[in-house]
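Read the structure below first, then the notes.
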Amino acid sequence: MLAAALGAALTFGAPTALAGTDPVSPSGSASAPAAAAAPQAAAPTSQSATWVAGTRAYFVITTPGDTSAVRAAVAANGGSVFASYDAIGVIVAHSASGTFAATMRGVSGVQQVGATRTSDVPADAYNPALPANPAQSTTPAGEPVRADMTQIKADQAWAVTTGSATVKVGILDTGVDDQHQDLAPNFNAADSASCAYGKADTRAGAWRDVGTHGTHVAGTVAAAKNGKGVIGVAPSVKISSVRIAEPGSSLFFAENTVCGFMWAGDHGFKVTNNSYYTDPWQFNCPDNADQAAIIEGVKRAQEYAEAKGSLQVAAAGNSNLDLANKTTDTESPNDSTPVTRTITNACLDIPTELPGVVTVSAMGTTAKASYSNYGLNVVDVTAPGGDATGIYSTLPGGKYGSMSGTSMASPHVAGVAALLASTNPGITPAQLRDKLAVQANDVACPSDSRCKGTTAKNGFFGEGQVDALKAVGSTPPPGKYFENLGDVAIGDNTTVESAITVSGVTGNAPATLKVGVNVVHTYIGDLKVDLIAPDGSVYTVHNRAGGSADNINQTYTVNASSEVANGTWKLRVNDNAGGDTGKIDSWNLTF
């Protein structure tokens with residue numbers, strides 16, 4: 001999906017499925033690395049005795065449910081079952097036999113069989129090395145708001161909500177550096193894994209980045225609002241890493257994507273971000289038996305995830321192609337030797353063109369990014385993807401840098417979807433898709449004959465550019481805004497306080513003082529939460545309600561018109577029972 005070079009500032013690597021560039025240093029940014037960060041090489045691993053040269057991976061597709069008979073047939077016909085997703089009837093099989101696919105297509109109960117790659121399965125698949133855990137740099141205090149966040153009004157949305165810690169976003173990518181100072185506060189290790197090679201690896205650290213791309217994407221979704229580095233679109237939601245890129249090649253094969261979607265569904269991800277296409281085919285054509293099986297396998301996994309409540313957001317790609325008028329593929333297969341082939345619109349870029357997936361094109365400041373794919377009734381929405389200067393975000397090792405691509409646009413949309421989910425508990429994926437379309441601001445076609453459609457919906461921008469402020473309720477609360485982002489631990493049967501010093505406000509507090517409270521705590525029925533005015537007056541905003549529910553992420557209205565505004569206000573939290581603990585994550589006042 002990599003486009004041609006965008007001038008000297010951006011450097012694209014060899015063709016891969018990633019819909020983004022290598023890091024570039026924006027001018028005047030002291031925090032950006034001086035050169036593109038090199039991929040972190042995995043430690044050498046010993047070759048497994050079960051691996052042989054010529055081993056290939058296949059989807060064997062059957063009726064969902066009991067796959068035992070087909071799994072037995074795999075073993076009886078020169079193959080082995082590497083992973084099995086019985087709920088969707090997809091088996092990942094390995095075989096070194098050149099006749100395996102043809103033989104299995106004749107087995108009773110087998111619906112489709114297809115090779116998922118044109119290269120050998122690496123020996124690492126049988127004994128995967130853990131990615132490196134990089135040493136961490138630190139950055140000076142200071143957290144300037146990025147231009148891309150202003151462009152989609154995320155900075156204004158944060159005055160309404162920074163998102164809920166109950167919303168999980170899955171980063172399906174090259175991995176995520178969970179130790180990064182801007183990602184660690186929101187990282188969810190319990191729901192992170194590696195799906196490289198098509199089978200979940202839940203060892204600690206298996207989810208870490210084998211490149212830089214996934215860490216960059218994660219920062220755009222949910223870098224913490226912690227006074228350092230950068231801020232993500234939804235800086236209080238939780239992010240999990242599901243690494244689907246294989247080390248060395250950084251390729252995203254179909255079995256890895258199936259594993260990732262199944263994991264997303266089973267682990268309660270409300271949104272996933274997918275800034276890649278499934279290798280080795282840029283487009284999978286249904287008249288090819290191998291590619292037809294890839295389409296079916298990934299489609300079933302996406303449908304499974306959606307049925308479990310997960311919305312998939314995906315990058316449109318960086319080849320400046322009209323996805324509504326496909327004619328030629330020159331980049332596939334990218335795991336061996338690409339050939340030029342004639343294709344039609346029946347051939348799909350997956351996962352982005354699968355039903356139910358939100359397809360995202362990239363904008364610069366006001367125009368379609370030069371590299372971005374497009375297509376009427378293919379692109380759903382658009383978001384900033386960077387052009388000459390890129391999108392500035394997190395990189396492994398506590399670092400920061402810029403990348404450009406639809407890879408960088410997609411996580412903006414995933415972040416807005418996470419804000420929508422935060423403010424609409426219980427929302428379904430279909431409802432999220434609808435709301436993403438409704439909140440987007442129309443962007444008219446430029447004077448470019450390639451852009452088809454109307455101002456309300458066209459091939460360059462879909463329904464328009466996402467608007468985080470509209471997504472969370474149109475307007476931020478009026479008045480001056482004060483916030484405390486410091487964590488305060490809440491122990492069993494203890495009372496703790498967090499303070500905010502208010503200055504520069506004339507007269508008394510308003511009758512509609514807004515008190516935003518973000519408390520992370522299991523069983524919130526244990527908690528009493530009070531606002532303490534500068535003169536010591538107590539205003540109770542939460543009094544042991546909610547029972548066994550987790551976390552308080554709510555804005556309360558308090559009539560504080562009798563209180564002088566300026567002075568030290570406190571949030572007091574009293575834990576009244578044993579067995580559950582937590583923290584004051586952040587709180588704010590809007591006058």
Side-chain angles (χ1 to χ4, degrees), residues 6 9-13 18-40 131-152 154-155 158 162 169 171 173-187 207-237 239 241 273 275 362 383-405 407-412 414-415 485:
L6 303 176
L10 299 181
T11 303
F12 288 83
L18 293 173
T21 69
D22 290 331
V24 296
S25 299
S27 59
S29 174
S31 297
Q40 299 167 38
N133 185 9
Q136 298 293 316
S137 302
T138 57
T139 189
E143 198 172 35
V145 175
R146 300 169 359 189
D148 53 305
M149 295 297 164
T150 302
Q151 187 171 328
I152 65 168
D155 55 329
W158 300 329
T162 53
V169 179
I171 309 299
D173 213 291
T174 62
V176 174
D177 178 7
D178 56 304
Q179 306 296 311
H180 194 292
Q181 59 200 342
D182 244 350
L183 301 178
N186 292 331
F187 192 80
W207 57 72
R208 292 198 175 116
D209 211 331
V210 294
T212 58
H213 192 269
T215 299
H216 191 279
V217 164
T220 296
V221 174
K225 196 170 185 286
N226 56 3
K228 62 182 73 174
V230 296
I231 310 171
V233 176
S236 292
V237 303
I239 49 174
S241 171
N273 186 80
S275 291
D387 213 324
T389 57
I391 299 296
Y392 190 66
S393 187
T394 47
L395 294 176
K399 299 176 183 178
Y400 300 85
S402 291
M403 298 186 189
S404 286
S407 277
M408 285 64 248
S410 182
H412 286 88
L485 297 169

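- Note: Tyr400 and His180 have perpendicular aromatic rings, judged against thresholds of 30 and 60 degrees for the angle between ring planes.
- The nearest pair of heavy atoms linking Ala224 to Glu143 is O-OE2, 3.0 Å.
- Residues Ile152 and Pro384 approach most closely at CG2-CD, 3.5 Å, considering heavy atoms.
- Once rounded to the nearest 0.5 Å, the distance linking OG1 of Thr389 with CG of Asp148 reads 9.0 Å.
- Partner of Ile239 under the side-chain contact (heavy atoms from CB on, under 4.5 Å) criterion, out of Asn273, Val221, Val217, Asp178: Val221 alone.
- In this structure, the side-chain contact (heavy atoms from CB on, under 4.5 Å) partners of Ala409, at least two apart in sequence or on a different chain, are Val360, Ala362, Ala383.
- Remark: the backbone N or O of Ser236 is not paired with any side-chain donor or acceptor of Thr162 at under 3.5 angstrom.
- The distance from the CD atom of Gln181 to the OG1 atom of Thr139 is 6.0 Å, given to the nearest 0.5 Å.
- The minimum heavy-atom distance linking Pro134 with Ala132 is given by the pair CD-O, 3.4 Å.
- Residues passing the side chain to side chain donor-acceptor pair (under 3.5 Å) test with Ser241: none are found, sequence neighbours excluded.
- Ser404 places a side-chain N or O within 3.5 Å of a backbone atom of Asp387 that can act as its donor or acceptor partner.
- Contact annotation: the side chain of Ile391 never approaches that of Met403 to less than 4.5 Å [non-hydrogen atoms, C-beta and beyond].
- Note that OG1 of Thr220 and CD1 of Ile171 are 9.0 Å apart. Values are rounded to the nearest 0.5 Å.
- Interatomic distance, Lys225 NZ to Asp155 CG, rounded to the nearest 0.5 Å: 10.0 Å.
- In this structure, a donor-acceptor pair under 3.5 Å is absent between the side chains of Thr394 and Asp182.
- The distance from atom CG of Asp173 to atom NE2 of His213, rounded to the nearest 0.5 Å, is 5.5 Å.
- Looking only at atom types and distance, the side chain of Gln136 has a donor-acceptor partner in the side chain of Asp177 under 3.5 Å away.
- Listed here is the closest heavy atom pair of Pro235 and Asn186: O-ND2, 2.8 Å.
- Atom-to-atom distance recorded for Ile231:CD1 and Arg146:CZ is 9.0 Å, nearest 0.5 angstrom.
- The nearest pair of heavy atoms linking Val176 to Gly214 is CG2-O, 3.9 Å.
- Although no hydrogens or angles enter the test, the distance criterion places a donor-acceptor pair under 3.5 Å between the side chain of His216 and the main chain of Gly401.
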